[in-house]
Amino acid sequence: MRRYFFFAATALLTAQVGAKEAGELWQPTAAEIGPRCEAIAAEAKRDIARFERLPIEGVSKDTVLVSWNQLGIKVEDVSDPIYFLSQVSPQADVRKAAEECVLKLSALDNVIYQSVPLYRRFKALKLSDAIDTMARAIQLEQFEDRGVNLPEDKRESARKIFDRLDKLQQDFARNLRDNNTKLPFTAGELKGIPADFLATAKRDDQGRYVIGFDYPEVDALLGYAEVEDARRRYQYEFSRRGTEQNLEILREVIALRKQLATMLGYPSFAHWSARRKMVERPEVVDDFLVTVGSKVEEVEKRELAELTAEKARHTGDANATLRRWDVFFYQQRLKMARYSVDPQTVRAQFPTEPTIAWLLNVTSRLYGVEFRSNVKLPVWHADVRGYDVYDRGTKKYLSSFYLDLFPRDGKYKHAAAFGVRGVSMLTGRTPLSILVTNFNRDGLDQHELETLFHEFGHVMHNVLSKTRYLMHAGTNVRRDFVEAPSQMYEEWTRRPDTLRLFNETCPSCKAVDMALVERMEAARLFGQGLKYARQRLYAAYDMALASGNPGDPMLVWAEMEGKTPVGHVPGTQFPGTFGHIVGGYAAGYYGYMWSEVLALDMLSPFGNNLMQPAVGARFRTIVLENGGQVPPMQLVERFLGRKPSPEAFFQEITGKRAAVKPTPTKEQER
């Protein structure tokens, strides 16, 4: 997850605003946010005015690119800590004040990128270095995307649209984040749900269990509740947690995007958006989604037939029909029956704290770094812990990161890596990233395990970055590439060569049952048709809303989902919860699968052993350290030594990937 601010940067705090530790996050009070926000906005305006007065003949790398980089650092030191706190602070007044500042700085961003004098100075730059040229090109894109070439009256209209879209995105996210709805269930309705989950669940004054919408609760209700009506009621309300407000927001967002694209001379928002991505044209996305659909269609049908048969056996009704609220439940049952994979058994195998230690051990060895716990780093909640990153060879400090792993009220509800401070080698600036999840405290199931490694892949992309300019730092890459390094890292949860390090990391833990791991992988591959058919649907829906004729988002969704084998449940409101397409993944949700094509292919240099430090070092140097300062396809081809192939992806989405047998290297054996 990324939030782009002024100068497309990601931020933290430097000594300018009082940080004492290298990786310390600035955590202002609600009263401090407003004045600091006003001060940095005023300072940025003064600096921009000086840029605009710079004589054209005085334009150079130093007077423009280098100075722009310094200004970006100054602003992001305020903007990104504040944005981050708007998503996670336990204090409602801090979140509110932070949101107000976010809008103020976003509005300033929109004004600056419509500055014709600034645009002309970037246009006048003459550069020969490839990284400098890339930086100039990205900045010109930013200006042109905001409508700098429009007539003045249309520029003003475009600016107002961008301001409004920023506000709507914020409102949409808040409605989901701050929804504290609790649904009451009797003990009988929760038959089948693990006893340890119920032991910690709260009750109302009538003795009923009250269950909210954090993901440990979602997994428990939809994965284990034997009573179908309990699953039905929960799935229905969970789909409506964005409320009618979010549907109205989405309608306005779609209309504004279409208006903006038309104003900028494009037939649709998809055309406007795609030109800044690897695909370049929406037609490429459409063709890709057709191919994915053709690959998974028969697999999905076969899997649904198996789930329907399982429901018939479970209920004793030979004519049972599989419903939307049944899918996850019967997948769990089949996986347990067929592969003896119970998520509770997996949690017992991967207790949370030892699993975090294992992640750090694996990553340390792979990338040649050392992670040191730093208790001096101030935290915003007692659950949070901080770490510093050192290069193992040079012992040099590189960066820092925080882990914020467990759910609480008012916290961002999903999993994300917030790159809150971007690197700039030009200035000696070191990066910082924050991993935010909502995990079970006792142990991780298979999905949580993959999520942990996935999001930590984003963290590493941020904190191992060594880009010249802030604008290229870490995950500031093309949107349809940003997921590739993190999707690739999910594989490290599955291989024997990485899992054997778990026992070394935690000698007192139960030894990893490799037979269980093999069954977990077999269970993971069951359901690939369902998973990728759903992903294709989400991506196609996103592209439909970004088309030249988007229609009403709720009606379009009901029609598209209604054509799927399981159908649409009247009254459910998934579009009001689809935060990705209101945020940075608009006309870009396909990027999850597009990135995965590259991610799975990039595993090939590791062969049968993922724990090869020499290959990990190459990946760190070529891909992670370069961030966005080199086009992503060049990085992929440089790492692979060839053009990428989609074959591994097609094997993955059809459940045909063969198990990999480990071949330890001498380095690993040592």
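All residue numbers refer to positions in the sequence shown, counting from 1.
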Taking Thr200 for the side chain and Phe197 for the main chain, is one N or O donor matched with an acceptor at less than 3.5 Å? yes

Treating Thr437 as the side-chain partner and Ala415 as the backbone partner, does any N or O pair qualify as donor plus acceptor under 3.5 Å? no

For His447, check side-chain contact (heavy atoms from CB on, under 4.5 Å) against everything at least two apart and list the hits. Asp445, Thr451

Does Lys258 reach the main-chain N or O of Gly548 with its side chain, forming a donor-acceptor pair under 3.5 Å? yes

Distance-only, no hydrogens or angles: does the Arg534 side chain make a donor-acceptor pair with backbone N or O of Lys531 under 3.5 Å? no

Arg276 side-chain N/O to Arg478 backbone N/O, donor-acceptor pair under 3.5 Å: no

Distance alone, cut at 3.5 Å: any donor-acceptor contact between the side chains of His461 and Thr475? no

Partner of Phe578 by ring pair (Phe, Tyr, Trp, His ring centres under 6.0 Å), out of Tyr538, Phe172, Trp557: Tyr538

Return the minimal non-hydrogen interatomic distance between Asn609 and Gln612, and the atom names on each side. O-NE2, 2.9 Å

Please give me the minimum heavy-atom distance between Leu405 and Leu435, naming the atom from each residue. CD2-CD2, 4.3 Å

Pick from Gln331, Gln235, His314, Lys311: which one makes a side-chain hydrogen bond (donor to acceptor under 3.5 Å, both in side chains) with Asp326? Lys311

Using the side chain to side chain contact (heavy atoms under 4.5 Å, CB included) rule, pick out the option among Tyr585, Trp594, Tyr589, Tyr592 that qualifies with Asp480. Trp594

With the threshold set at 4.0 Å, does a side-chain nitrogen-carboxylate oxygen contact exist between Arg495 and Glu491? yes

Between Glu228 and Arg323, does any NZ, NE, NH1 or NH2 come within less than 4.0 Å of an OD or OE carboxylate oxygen? no

Distance alone, cut at 3.5 Å: any donor-acceptor contact between the side chains of His454 and Glu483? yes

Can a donor-acceptor pair be found between the side chains of Asn246 and Asn175 at a distance below 3.5 Å? yes

In terms of side-chain geometry, is the basic nitrogen of Arg338 or Glu306 positioned less than 4.0 Å from the acidic oxygen of its partner? yes

Taking the six-membered ring of Phe328 as reference, does the NZ or CZ atom of Arg231 fall below 6.0 Å from its centre and within a 45° cone about the axis? no

Taking Asn438 for the side chain and Lys413 for the main chain, is one N or O donor matched with an acceptor at less than 3.5 Å? yes

Please check this pair: side chain of Lys656 against backbone of Leu525, looking for a donor-acceptor N/O pair closer than 3.5 Å. no

Identify the two heavy atoms, one from Leu640 and one from Ser604, that lie closest to each other, and give their separation to 0.1 Å. CD2-OG, 3.6 Å

Pairing of Glu490 and Arg524 as salt bridge, 4.0 angstrom limit: no

Would you please indicate if the ring centroids of Phe213 and Tyr234 are separated by under 6.0 Å? yes

Salt bridge flag under 4.0 Å for residues Arg657 and Glu521: no

Residues 289-301 side chain polar contacts: donor-acceptor under 3.5 Å, at least two apart:
| unit_1 | atom_1 | unit_2 | atom_2 | d |
| --- | --- | --- | --- | --- |
| Thr291 | OG1 | Asp287 | O | 3.1 |
| Ser294 | OG | Thr291 | O | 2.7 |

Is a side-chain N or O of Thr355 found less than 3.5 angstrom from the main chain of Gly443, in a donor-acceptor match? no

Taking all atoms of both residues into account, what is the closest heavy-atom pair of Gln487 and Ala599, and its distance? CB-CB, 3.8 Å

Quick one: does any side-chain atom of Arg257 pair with a main-chain N or O of Ala546 as donor and acceptor, under 3.5 Å? no

Tell me if a side-chain donor or acceptor on Gln634 pairs with a main-chain N or O of Pro631 at a distance below 3.5 Å. no

Could you give me the CA-CA distance, side-chain angles and deciding distance for Thr363 and Tyr489, then say whether side chain to side chain donor-acceptor pair (under 3.5 Å) is met? CA-CA 10 Å; Thr363 309; Tyr489 210 39; 2.6 Å; yes

Could you give the distance from CG (Leu256) to CG (Leu165), rounded to the nearest 0.5 Å? 5.0 Å

Do the side chains of Arg241 and Glu237 get close enough for a salt bridge, i.e. N-O under 4.0 angstrom? no

Per ring pair (Phe, Tyr, Trp, His ring centres under 6.0 Å), Trp492 is matched among Trp358, Phe453, Phe456, Phe606 by Phe606

With side chain to side chain donor-acceptor pair (under 3.5 Å) as the criterion, how do Glu303 and Gln528 come out once you've worked through the C-alpha distance, each side chain's angles and the decisive distance to 0.1 Å? CA-CA 9 Å; Glu303 291 169 349; Gln528 294 294 80; over 6 Å; no

Intermediate values then yes/no, salt bridge (charged side-chain N to carboxylate O under 4.0 Å, His left out), Arg208 and Glu189: CA-CA 10 Å; Arg208 299 174 301 181; Glu189 289 177 305; over 6 Å; no

